[in-house]
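Data block below; observations after.
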Amino acid sequence: MSLKAFHIAFIALSSLVSFFCAAWGLWHYAAGEGMSSLAFGLFFLLGGIALIVYGIRFLRKLKGISFL
């Protein structure tokens, strides 16, 4: 596996984990757990979005480069 492919896979996995944590935090906030759960959920939601934006920029930047 190339370094570029590994980086893309790691970004994708990280964004999925981030969205899972966001859903978990927002689920607990909806169940009445408090404001810390809301902050946790929103923090990871923004982190997941940032990871997707970063992944897209990474792909555009290294579009013509192949790491074998």
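A quick note: this is a predicted structure, and the numbers were derived from the prediction, not measured. For the numbers below, each heavy atom of this structure counts, side chains included, while hydrogens, waters and symmetry mates do not.
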Note: Gly41 and Ala22 closest approach over all heavy atoms is O-CB, 3.3 Å
Could you grab the distance from atom CG of Leu51 to atom CG of Leu13, nearest 0.5 Å is fine? 10.5 Å
Could you check Lys4 against Phe58 for side chain to side chain contact (heavy atoms under 4.5 Å, CB included), going step by step and ending with a plain yes or no? CA-CA 9 Å; Lys4 181 180 174 182; Phe58 178 78; 4.2 Å; yes
Euclidean distance, Leu59 CG relative to His7 NE2, rounded to 0.5 Å: 9.0 Å
Out of curiosity, Ser36 OG to Phe43 CZ, how far, rounded to the nearest 0.5 Å? 14.0 Å
With distance as the sole test, does Ser18 use its side chain to make a donor-acceptor pair with the main-chain N or O of Phe44 at under 3.5 Å? yes
Measuring from atom CG of Leu38 to atom CG of Leu26, what distance do you get when rounded to the nearest 0.5 angstrom? 6.5 Å
Does the side chain to side chain contact (heavy atoms under 4.5 Å, CB included) test come out yes or no for Trp24 and Phe40, once each step is laid out? CA-CA 9 Å; Trp24 183 77; Phe40 181 84; 3.5 Å; yes
Exercise: identify the closest heavy-atom pair between Phe19 and Ile49: CZ-N, 3.8 Å
Roughly how far, to the nearest 0.5 Å, is CD1 of Ile11 from CD1 of Ile56? 10.5 Å
Within this structure, what is the OH-OG distance for the pair Tyr54 and Ser14, rounded to the nearest 0.5 Å? 10.5 Å
Examine Leu3 and Phe10 and state if one hydrophobic cluster contains both, with Ile, Leu, Val, Met, Phe, Trp and Tyr joined whenever side-chain heavy atoms are less than 4.5 Å apart. no
